[in-house]
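Order of the sequence lines fixes the chain letters, A, B, ..., with proteins taken first and strands second; residue numbering starts at 1 for each chain.
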Amino acid sequence: MPREIRLFNTLTRRVETFRPLEPGRVRMYTCGPTVYNFVHIGNLRTFLFEDVLRRTLAAFGYRVTQVMNLTDIDDKTIKGAAAEGVTLREFTDRYVEAFFADIDALRVQRAEHYPRATEFIAHQVALVRRLSERGHTYVQDGSTYFRIATFPGYGKLSGLDVNEVKAGARVDADEYEKEDVRDFVLWKAAKPGEPAWDTELGLGRPGWHLECSAMGMALLGESFDIHTGAVDNIFPHHENEIAQSEGATGRPFVHTWLHAEHLVVEGQKMAKSAGNFFTLRDLLAKGHSPLAIRYLLVSVPYRQKLNFTFDGLHAAAAGVERIGNTLRRLAHTPAAAGEGALPAAAVEEFLAEFDGALADDLNTARALAAVHTLLTRVNQALDAGGIGERIRAGVEAALARVDAVLGIVPSVESEGAGDAEIDALVAERNAARKARDFGRADAIRGELTARGIVLEDTPHGTVWHRSA
RNA sequence: GGUGACGUAGCCAAGUGGUAAGGCAGGGGCCUGCAAAGCCCUCAUUCGGCGGUUCGACUCCGCCCGUCACCUCCA
């Protein structure tokens with residue numbers, strides 16, 4: 001039996017105990033990138049929330065099937081391809097590839113499916129047909145619209161009163177004519193020079209919201225457990241998905257809706273004009289480590305606004321370092337006889353708190369606090385006389401679980417080994433130290449430091465590793 | 001105008017009725033030939049402000065101040 005988890009459902013505005021439709025199995029749909037550009041750290045915050053969600057569910061014993069769409073047909077991709085004079089596919093392929101490279105760098109686990117909107121045109125057309133059969137649509141100037149007046153539940157996710165949504169400066173930005181400004185387009189009539197599909201709906205292309213309904217239902221079923229995105233998706237995107245999906249099937253579309261808060265940079269909304277807009281690539285180019293970025297983005301619970309700062313990034317890097325240092329000490333310190341200075345209860349308490357925090361609507365800040373408390377106890381025990389073999393294995397297993405869920409544990413495995421030249425320098429330095437020739441010893445250490453090698457003289461000998 | 005968040009130490013942040021987790025930064029100390037790593041001590045008599053409820057409130061209620069988000073491009 002999987003462990004229970006409590007999640008805040010946007011639909012009910014409450015933290016609820018999560019119950020999958022099929023016991024032990026979770027089907028989740030996560031809104032993915034529009035592939036017209038490199039993803040920025042705000043996108044990444046959301047993807048990382050989804051990654052921690054799927055990892056937590058898996059660690060808790062659920063079998064997870066995750067779908068993440070790749071939006072490769074919309075105004076932005078069309079514009080981008082046209083601007084460069086390449087086909088839509090060539091243009092979007094580039095950013096799909098970049099997207100995968102970026103999430104790989106951040107250790108995001110792959111979803112089971114990454115459907116592209118352009119590869120599910122038939123499903124989208126079929127969905128519109130079902131909506132038409134049930135009287136939810138109308139056609140105007142070759143485009144097909146969803147008439148929200150036919151869907152009584154409209155507004156239930158966002159809590160917006162549709163009657164309050166009035167035509168104004170911000171409404172009806174798109175050029176297509178609608179019967180009612182609140183209606184949204186399902187199928188857009190072709191415009192000259194734009195990609196179009198010749199279908200029973202006429203020559204055109206799918207509207208923005210259609211792909212998620214069609215692909216979600218195609219890959220996960222007409223009703224599934226979880227649908228996620230960032231808060232700005234609540235309205236109109238997810239509201240419209242519900243209308244489209246439930247309008248077509250007459251069944252509940254999604255049981256639990258989860259939304260990640262936005263991130264701000266140095267307290268300001270991230271915007272290109274403000275000069276605080278960062279892609280992953282920007283940060284890596286500045287020399288920040290992917291693991292530190294991941295740690296920072298994961299350290300604030302997903303429903304909290306995250307203030308991304310360079311101070312915070314340095315703190316995150318320090319946090320990652322501390323985990324690695326402790327793991328390294330643990331590996332290099334000989335095991336104590338028997339239980340040693342760390343009681344087995346310390347590990348058990350940690351696991352209970354760590355899992356408890358995650359089960360509480362993914363409270364990653366609390367989970368991380370538990371990790372640090374464990375690290376302190378481990379270091380105390382290491383100072384106090386060592387840790388027994390069995391307990392040490394328990395600590396390592398616990399940190400492996402931390403890594404399985406949060407993905408923030410640096411690898412110390414292959415460090416400090418297999419480099420005969422460095423080993424020789426270390427040996428030479430130790431000979432100098434023994435001879436009390438500290439000038440020579442420090443010169444060697446200085447040289448190694450310049451090469452990015454960190455030395456540690458422990459009671460059990462000198463160990464070295466490469467600085468992060 | 002409508003709807004909804006948030007305001008805890010220098011910074012990030014947990015807690016949400018029982019007397020303030022954790023991390024980073026800072027100060028002092030131990031260890032070390034010196035470092036590195038680690039450990040110890042220290043760092044909010046107080047949780048935006050003012051009232052109220054309560055034996056007791058950071059936690060509940062009211063008002064006020066401030067910051068922010070969404071209201072059909074937006075992760």
Chemist: In whole Å, what is the span from the NZ atom of A:K269 to the P atom of B:rC70?
Modeler: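 To the nearest whole Å, that distance equals 4 Å.
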Chemist: Name all residues meeting the side-chain hydrogen bond (donor to acceptor under 3.5 Å, both in side chains) criterion together with A:R116; count only those two or more places apart in sequence or in a different chain, and write none if there are none.
Modeler: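 Testing A:R116 for side-chain hydrogen bond (donor to acceptor under 3.5 Å, both in side chains), a comparison that skips the adjacent residues, returns A:D72, A:T92, A:D93.
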Chemist: I'd like the C1' distance from B:rC43 over to B:rC24, given in whole Å.
Modeler: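 Straight-line distance between the two C1' atoms is 13 Å.
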Chemist: Only pairs with both distances under 3.5 Å count, Watson-Crick or wobble alike; so what is the partner of B:rU72 in this structure?
Modeler: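 Its partner: none found.
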Chemist: Considering only atom P, compute the distance from B:rG15 to B:rC6 and round it to an integer number of Å.
Modeler: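 Rounded to whole Å, the distance is 11 Å.
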Chemist: Provide the distance between the two P atoms, one in B:rA75 and one in B:rA21, to the nearest whole Å.
Modeler: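 The answer is 40 Å between these two P atoms.
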Chemist: Looking across every strand, which nucleic acid part, if any, lies under 4.0 Å from A:G319 by heavy atom: base, sugar-phosphate, or nothing?
Modeler: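 Contact class for A:G319: none.
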Chemist: Thinking salt bridges, do A:E353 and A:R366 make one under a 4.0 Å N-O criterion?
Modeler: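 Counted as a salt bridge, because a side-chain N and a carboxylate O are separated by less than 4.0 Å.
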Chemist: Side chain to side chain contact (heavy atoms under 4.5 Å, CB included) with A:A243: which residues, sequence neighbours excluded?
Modeler: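 For A:A243, the residues satisfying side chain to side chain contact (heavy atoms under 4.5 Å, CB included) (neighbours in sequence not counted) are A:F146, A:F151, A:Y154, A:F184.
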Chemist: Quick one: do the A:E211 and A:T71 side chains pair a donor with an acceptor below 3.5 Å?
Modeler: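 A:E211 vs A:T71: donor-acceptor pair found between side chains.
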Chemist: Can you tell me how far P of B:rG38 sits from NE2 of A:H372, to the nearest Å?
Modeler: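 For the pair A:H372 NE2 and B:rG38 P, the rounded distance is 10 Å.
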Chemist: How many Å lie between CG on A:D442 and P on B:rA36, as a whole number?
Modeler: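 Between P of B:rA36 and CG of A:D442: 12 Å.
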Chemist: Salt-bridged, A:R54 to A:E112, with N to O below 4.0 Å?
Modeler: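 A salt bridge is present here (some side-chain N lies under 4.0 Å from a carboxylate O).
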Chemist: Throw together a table of side-chain donor-acceptor distances under 3.5 angstrom for residues 312-324 of chain A, partners on residues two or more places apart or in other chains.
Modeler:
| from | atom 1 | to | atom 2 | distance (Å) |
| --- | --- | --- | --- | --- |
| A:H314 | ND1 | A:F310 | O | 2.9 |
| A:R322 | NH2 | A:H372 | O | 2.9 |
| A:R322 | NH2 | A:T376 | OG1 | 2.9 |

Chemist: Across the strands shown, which category fits A:L44 at heavy-atom distances under 4.0 angstrom: base, sugar-phosphate, nothing?
Modeler: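 No contact.
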Chemist: Rounding to the closest angstrom, what is the interatomic distance between B:rC47 and B:rU59 at atom P?
Modeler: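 The same atom, P, in both gives a distance of 9 Å.
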Chemist: Remember a base hit wins even if backbone is also touched, and classify A:R429 as base, sugar-phosphate or nothing at under 4.0 Å, heavy atoms.
Modeler: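 Touches a base.
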Chemist: Contact class for A:T376 vs. all strands (heavy atom < 4.0 Å): base, sugar-phosphate, or nothing?
Modeler: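 Answer is sugar-phosphate: A:T376 comes under 4.0 Å of backbone atoms only.
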Chemist: Excluding sequence neighbours, so at least two apart, what forms ring pair (Phe, Tyr, Trp, His ring centres under 6.0 Å) with A:F91?
Modeler: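 Checked A:F91 against ring pair (Phe, Tyr, Trp, His ring centres under 6.0 Å); matches are A:Y95.
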Chemist: Look at the side chain of A:N325 and the base of B:rG38, then say whether one donor and one acceptor between them are separated by less than 3.5 Å.
Modeler: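 It does not, because no donor-acceptor pair links the side chain of A:N325 to the base of B:rG38 below 3.5 Å.
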Chemist: Categorize A:R303 for me: base, sugar-phosphate, or nothing, with a 4.0 angstrom heavy-atom threshold over every strand shown.
Modeler: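 Answer is nothing: A:R303 stays at 4.0 Å or more from every strand.
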Chemist: Does the structure show a Watson-Crick or G-U wobble partner for B:rG26, both distances under 3.5 Å? Name it, or say none.
Modeler: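 Base partner found: B:rU42.
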Chemist: Any salt bridge linking A:R107 with A:D51? Criterion: basic side-chain nitrogen under 4.0 Å from a carboxylate oxygen.
Modeler: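 So A:R107 does not pair with A:D51 through a salt bridge.
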Chemist: Can you see if the side chain of A:R322 gets near the phosphate of B:rC39 - specifically, an N or O under 4.0 Å from OP1 or OP2?
Modeler: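 Looking at the OP1 and OP2 atoms of B:rC39, one of them is under 4.0 Å from a side-chain N or O of A:R322.
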Chemist: Does A:E456 CD have over 12 foreign heavy atoms under 6.0 Å away?
Modeler: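 Yes - once you tally the heavy atoms of other residues, nucleotides and ligands closer than 6.0 Å, there are more than 12.
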Chemist: Taking the P atom in each of B:rG17 and B:rC30, what is the distance between them to the nearest angstrom?
Modeler: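 Rounded to whole Å, the distance is 44 Å.
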Chemist: Between B:rU8 and B:rC68, how many Å separate the two P atoms, rounded to a whole number?
Modeler: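 About 14 Å, rounded to a whole number of Å.
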Chemist: Nearest to the side chain of A:E456, which nucleotide is it out of B:rA75, B:rA37, B:rG33?
Modeler: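 It is B:rA37.
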Chemist: Return the set of residues passing ring pair (Phe, Tyr, Trp, His ring centres under 6.0 Å) with A:F438 (not counting sequence neighbours), or none when no residue passes.
Modeler: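 Partners of A:F438 under the ring pair (Phe, Tyr, Trp, His ring centres under 6.0 Å) test: none.
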Chemist: Pick base, sugar-phosphate or nothing for A:N233, based on heavy-atom distances below 4.0 Å to the nucleic acid.
Modeler: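 Contact class for A:N233: sugar-phosphate only.
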Chemist: So, under a plain 3.5 Å distance rule, would you say the side chain of A:R445 forms a donor-acceptor pair with the base of B:rA35?
Modeler: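 When only heavy-atom distances are counted, A:R445 does reach the base of B:rA35 through a donor-acceptor pair under 3.5 Å.
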Chemist: What string of B, S and - do you get for nucleotides 10-15 of chain B, 5' to 3', when a contact is any protein heavy atom under 4.0 Å?
Modeler: --SSSS
Chemist: Quick one: does A:D457 reach the base of B:rC34 with a side-chain donor-acceptor pair under 3.5 Å?
Modeler: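 A donor-acceptor contact between them is present.
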Chemist: Quick one: which of B:rC40, B:rG22, B:rC24 gets closest to the side chain of A:Q380?
Modeler: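 Closest of the options to the side chain of A:Q380: B:rC40.
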Chemist: Regarding A:H40, tell me which of base, sugar-phosphate or nothing describes its non-hydrogen contacts under 4.0 Å with the strands shown.
Modeler: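 Since a base atom lies under 4.0 Å of A:H40, the category is base.
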Chemist: Just to be sure I understand the rule, does A:A260 reach a base, reach only the sugar-phosphate, or reach nothing, if contact means heavy atoms closer than 4.0 Å?
Modeler: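 No contact.
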Chemist: Let me know the distance between NE2 of A:H314 and C1' of B:rG23, rounded to the nearest Å.
Modeler: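 It works out to 15 Å between those atoms.
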Chemist: Distance check needed: B:rG2 P versus A:E239 CD, whole Å only.
Modeler: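 Rounding to the nearest Å, CD of A:E239 and P of B:rG2 are 20 Å apart.
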Chemist: A:I444 has an atom CD1; how far is it from atom C1' of B:rC34, in whole Å?
Modeler: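 Spelled out: CD1 on A:I444 to C1' on B:rC34 is 15 Å.
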Chemist: Regarding A:A369, tell me which of base, sugar-phosphate or nothing describes its non-hydrogen contacts under 4.0 Å with the strands shown.
Modeler: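 If one applies the 4.0 Å heavy-atom cut-off, A:A369 turns out to touch a base.
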Chemist: Can you tell me the distance, in whole Å, between the CD1 atom of A:I387 and the P atom of B:rG38?
Modeler: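 So the two atoms are 14 Å apart, to the nearest Å.
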Chemist: Output the rounded distance in Å from CD (A:E266) to C1' (B:rC68).
Modeler: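 These atoms are roughly 17 Å apart.
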